[in-house]
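Just so we're on the same page: letters track the sequence lines, and every chain starts at 1.
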Amino acid sequence: MQYHDNSLINSRLIKLNKLLELGIDPYPARFKRSSDIYTAIDKFSSNEIDDSENLNNTDKVTLAGRIMAIRSMGKAKFIDIRDFSETIQVLFRANVLEETFGLLEHLDIGDFIGATGHIMRTRTGQITLHGDEFTILCKGIRPLPEKFHGLKDTETRYRQRYLDLIANEDVIKTFTNRSKILNGIREFLNGRGFMEVETPVLVATPAGAHAKPFVTFHNSLDETLYLRIATELYLKRLIVGGFDKVYEIGRVFRNEGIDQDHNPEFTLLESYESYADYNDVMNMVESLVSELAIKINGKATINWDGHDIDLTPPWKRLSLKEEILNRSGIDLDDYPDDLSLTNKAKSLGMDIGDLENRGRLIDKILSQYVEPNLIQPTFIIDYPEIMSPLAKSHPQKVGYVERFEAFIAGMEIANSYSELNDPVIQRKRFEEQEEIREMYGDEELDRLDEDFLVAMELGMPPTGGLGMGIDRLVMLLVEQVSIRDAIIFPHMRSQK
RNA sequence: GGGCCGUUAGCUCAGAUGGUAGAGCACCUGACUUUUAAUCAGGGUGUCGUGGGUUCGAGCCCCGCACGGCCCA
């Protein structure tokens with residue numbers, strides 16, 4: 001990167017050289033603080049006695065942080081420094097610092113300094129570190145975004161998230177909350193006896209979901225590999241292996257478009273609980289989400305994109321067949337084959353090809369007619385078998401499986417079923433998917449994983465499984481409308 | 001993939017009808033020992049995303065491209 005022609009960088013480089021000429025190391029290896037800024041202020045406030053003129057009424061503290069503002073008053077300078085905990089104003093006075101006061105001239109907004117002194121209050125009551133000495137901890141040579149208007153340019157915010165974090169405090173809040181959500185999920189599941197595991201990201205068969213995979217290659221094995229699109233089949237292998245309750249919070253990769261609620265890599269929670277069914281999982285999901293909301297926001301309601309959404313259990317549970325009938329007028333059972341359903345959908349004006357497979361059609365009908373209406377948390381239950389090859393058939397509803405998807409704010413946030421554990425039917429379902437894929441050239445259909453079938457053949461207990469998109473959950477809980485504001489480095493096209 | 005909008009100083013933005021590129025903050029020079037979006041005086045620091053075209057003349061008009069955003073598929 002060239003910067004010799006940039007005057008703002010130039011003036012900082014000149015200051016840097018001045019410091020070096022004076023024998024000052026602008027990048028010292030270490031610095032000992034007495035505490036973070038928040039702790040120091042907290043301690044000062046709680047011990048404060050009404051004697052602001054006496055600087056020795058508190059212990060000396062040593063604080064450090066990034067310079068966020070400099071207000072120069074001639075022989076006094078006010079410098080705001082910020083660490084992760086808090087911001088504090090530091091007052092440096094010429095008669096206190098003596099000859100080192102001049103060095104302050106070489107500081108800029110964005111530099112890191114450490115300062116030692118007593119905490120006091122100014123005339124206006126501002127808590128201030130009255131600095132006796134200071135140390136330059138890092139001289140920055142590139143200017144920061146302006147403090148008042150912040151950094152707004154979305155492209156810069158996402159590509160250079162560090163600038164976004166420095167300039168926009170609410171972004172720090174968002175990602176702090178994201179971290180709390182992840183912790184909260186782990187506490188919730190661990191508390192219920194689940195064990196966290198890690199399964200392969202590089203896989204020979206990209207199975208367990210309807211999605212196009214990313215392809216890669218292992219040189220020394222001379223083998224094409226894929227980035228996983230789900231963790232399902234490995235986690236169920238672990239249920240076969242005897243773990244009763246497992247979960248994984250991991251990145252999965254789907255080779256699809258990017259929009260407000262899709263990022264090509266995203267964080268997926270999958271959990272599998274032996275001797276549970278999809279009803280148990282529904283109960284778990286609504287408890288988990290509402291408890292997280294309370295943990296993050298102190299209440300179970302959110303305001304998302306203008307909607308007031310109440311996450312308090314129980315959530316509505318509506319059958320897929322009924323909802324599609326109510327919203328689109330289509331009774332799926334009247335159109336049992338691909339062609340008749342294609343024709344029906346076309347007659348409603350849906351933009352589809354001459355012949356589409358039934359699973360894909362139902363998915364489109366669902367997205368177009370049902371999902372946008374599901375603002376309050378809703379479980380849509382009992383999906384057609386043809387679009388759910390890994391789910392157990394419903395004992396009463398022929399052609400349907402025990403599956404649900406959870407929707408909030410029109411977004412799918414979870415997918416779950418009573419896991420299919422009949423190895424003969426499981427093989428048949430996979431073969432069916434393979435046939436449909438070949439017939440329709442639909443690259444997104446699920447794939448047959450032979451080793452997974454071997455595991456099923458050994459026997460898996462009845463199991464309730466769950467997949468939950470964590471980025472979308474974060475979007476809801478931090479009330480952000482774009483997935484890019486819930487992922488700290490969202491995917492962006494490379495710059496040429 | 002299609003449509004619309006955007007890209008101007010480090011940041012946030014303004015630039016009717018085509019006629020020497022502007023503001024606030026930041027930055028530079030000076031004043032100021034309790035300021036706090038400090039203040040006061042002075043200074044504009046630019047490949048107007050990019051490549052073509054039209055024109056005496058393009059930030060502005062036309063075409064292509066890149067990147068971003070929104071909507072649609």
Side-chain angles (χ1 to χ4, degrees), chain A residues 1-15 18 52-55 67-82 87-98 101-102 104-111 117-132 140-169 256-262 305 345-346 349-353 356 360 363-364 367-368 372 410 480-485 490-496:
Chain A
M1 171 94 48
Q2 300 253 325
Y3 44 69
H4 57 265
D5 52 346
N6 183 313
S7 67
L8 290 170
I9 289 178
N10 242 339
S11 81
R12 288 167 183 248
L13 284 171
I14 290 166
K15 292 173 184 174
K18 286 253 176 63
S52 56
E53 294 303 309
N54 180 5
L55 290 178
I67 296 176
M68 299 308 293
I70 300 175
R71 291 176 294 281
S72 185
M73 297 280 300
K75 294 200 172 59
K77 272 180 193 287
F78 294 90
I79 297 183
D80 292 343
I81 63 170
R82 181 170 92 187
T87 299
I88 192 170
Q89 166 174 278
V90 186
L91 167 60
F92 292 115
R93 298 166 71 197
N95 62 324
V96 177
L97 260 57
E98 298 176 342
F101 187 77
L104 295 171
E105 290 301 321
H106 304 127
L107 296 179
D108 287 293
I109 291 171
D111 297 349
H118 293 281
I119 296 183
M120 56 150 210
R121 279 188 192 271
T122 62
R123 280 175 199 158
T124 51
Q126 173 79 39
I127 290 179
T128 299
L129 175 62
H130 190 266
D132 299 331
I141 61 166
R142 189 175 286 274
L144 256 39
E146 180 236 336
K147 64 195 168 198
F148 189 58
H149 295 92
L151 177 67
K152 289 185 178 169
D153 182 78
T154 49
E155 187 169 353
T156 309
R157 288 186 47 226
Y158 299 145
R159 283 191 198 279
Q160 296 177 270
R161 185 66 92 177
Y162 42 91
L163 288 177
D164 195 25
L165 291 165
I166 293 168
N168 299 316
E169 254 177 275
E256 58 198 7
I258 299 175
D259 62 28
Q260 280 204 86
D261 44 3
H262 292 86
D305 200 18
K346 283 179 84 167
M350 289 181 67
D351 184 17
I352 49 175
E356 302 242 15
R360 177 167 278 270
D363 194 50
K364 284 194 176 179
S367 343
Q368 186 166 332
Q480 291 293 332
V481 173
S482 170
I483 200 167
R484 298 180 199 89
D485 293 312
H491 191 82
M492 303 289 274
R493 195 186 287 267
S494 308
Q495 285 174 307
K496 300 208 172 102

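Nucleotide rG1(B): paired with rC72(B) (Watson-Crick or G-U wobble, both distances less than 3.5 Å). rA26(B) and rU45(B) make up a base pair, with Watson-Crick or G-U wobble contacts both under 3.5 Å. Here rA21(B) sits opposite no nucleotide as a Watson-Crick or G-U wobble pair (both hydrogen-bonding atom distances under 3.5 Å). The partner of rG64(B) is rU50(B), judged by Watson-Crick or G-U wobble contacts that both fall below 3.5 Å. When both pairing distances are held under 3.5 Å, rU39(B) makes a Watson-Crick or G-U pair with rA31(B).
Remark: the separation of the C1' atoms in rU33(B) and rA38(B) is 14 Å, to the nearest Å. A gap of 15 Å separates the C1' atoms of rA9(B) and rG43(B), to the nearest Å. Going from the C1' atom of rC28(B) to that of rG44(B) covers 11 Å, rounded to whole Å. For the P atoms, the distance linking rA58(B) with rU20(B) amounts to 12 Å, nearest Å. A distance of about 48 Å separates the C1' atoms of rA41(B) and rU54(B), rounded to the whole Å. Separating the C1' atom of rU47(B) from that of rA23(B) is a span of 22 Å, rounded to the nearest Å. The P atoms of rU34(B) and rC70(B) are separated by 49 Å, rounded to the nearest whole Å. Separating the C1' atom of rA21(B) from that of rC60(B) is a span of 12 Å, rounded to the nearest Å.
rA16(B) adopts a syn glycosidic conformation, its chi angle falling within 90° of 0.
In this entry the distance linking CE of M68(A) with C1' of rA37(B) reads 13 Å, nearest Å. Taking atom CG of L151(A) as the reference point, atom C1' of rC11(B) lies 7 Å away to the nearest angstrom. Rounded to a whole Å, the CG atom of D259(A) is 12 Å from the C1' atom of rG69(B). The interatomic distance linking L107(A) (CG) with rC28(B) (P) rounds to 11 Å, in whole Å. Atom NE2 of H149(A) and atom P of rC13(B) are 8 Å apart (whole Å). Regarding M492(A), its CE atom lies at a distance of 13 Å from the C1' atom of rU7(B), rounded to whole Å. Computed from coordinates, the Y158(A) OH to rG69(B) C1' distance equals 9 Å when rounded to whole Å. The distance from atom CD1 of I352(A) to atom P of rC72(B) is 19 Å, rounded to the nearest whole Å.
When each of E105(A) and S72(A) is assigned the nucleotide of RNA chain B with its nearest heavy atom, E105(A) is the one assigned upstream, toward the 5' end. Mapping D108(A) and G125(A) onto RNA chain B by nearest heavy atom places D108(A) at the nucleotide closer to the 5' end.
Of the listed nucleotides (rG68(B), rG10(B), rC71(B)), rG68(B) has the atom at the smallest distance from the side chain of E155(A). Checking rC70(B), rU33(B), rC28(B) against the side-chain heavy atoms of M73(A) singles out rU33(B) as nearest. Comparing atom distances between the T154(A) side chain and each of rG68(B), rU35(B), rC27(B) picks out rG68(B) as nearest. Each of rC70(B), rC11(B), rU33(B) was ranked by its minimum atom distance to the side chain of K75(A); first place goes to rU33(B). Closest contact between the side chain of R493(A) and the listed nucleotides rU35(B), rC70(B), rA66(B) involves rA66(B). Comparing rA26(B), rG69(B), rU34(B) by their nearest atom to the side chain of L8(A) picks out rA26(B). Minimum atom distance to the side chain of D351(A) is reached by rA73(B), of the listed rC28(B), rC71(B), rA73(B).
Distances shorter than 4.0 Å separate none of the side-chain N or O atoms of Q89(A) from OP1 or OP2 on rU34(B). Phosphate contact (OP1/OP2 of rG10(B), side-chain N/O of R142(A), threshold under 4.0 Å): absent. In this structure, R71(A) does not reach the rU35(B) phosphate: none of its side-chain N or O atoms is under 4.0 Å from OP1 or OP2. Note on R93(A): every side-chain N or O is 4.0 Å or more away from OP1 and OP2 of rC32(B). Contact check, K77(A) against rC32(B): no side-chain N or O comes under 4.0 Å of OP1 or OP2. The phosphate of rG69(B) (OP1 or OP2) has a side-chain N or O of R484(A) nearer than 4.0 angstrom.
Counting atom types as modelled, T124(A) pairs no side-chain N or O with a base atom of rU34(B) as donor and acceptor under 3.5 Å.
K364(A) comes within 4.0 angstrom of nothing in the nucleic acid, heavy atoms only. If you check every strand for non-hydrogen atoms under 4.0 Å, G150(A) touches sugar and phosphate atoms only. Counting non-hydrogen atoms under 4.0 angstrom, R12(A) reaches nothing in the nucleic acid. Among the protein residues, N95(A) comes within range of the nucleic acid bases, having at least one heavy atom under 4.0 Å from a base atom.
Scanning all heavy atoms of the two residues, the minimum distance from A76(A) to L91(A) falls at CB-CD1, 4.1 Å. A pairwise comparison of heavy atoms in R161(A) and P490(A) identifies NH2-CD, 3.7 Å as the closest pair. Across every non-hydrogen atom of G131(A) and L97(A), the tightest pair is O-CD1, 3.4 Å. D485(A) and Q480(A) make their closest contact through CB-OE1, 3.5 Å (heavy atoms, listed as atom of the first residue, atom of the second, distance). When all heavy atoms are compared, the tightest approach of L151(A) to D164(A) is CD2-N, 3.8 Å. The minimum heavy-atom distance linking F92(A) with F101(A) is given by the pair O-CE1, 3.5 Å.
A salt bridge links K77(A) with E105(A): the closest approach of a Lys/Arg side-chain nitrogen to an acidic carboxylate oxygen falls below 4.0 angstrom. A salt bridge links R71(A) to D80(A): one of the charged nitrogens lies within less than 4.0 Å of a carboxylate oxygen.
Checked by atom type and distance alone, the side chain of T124(A) never pairs as donor or acceptor with a backbone atom of T122(A) at under 3.5 Å.
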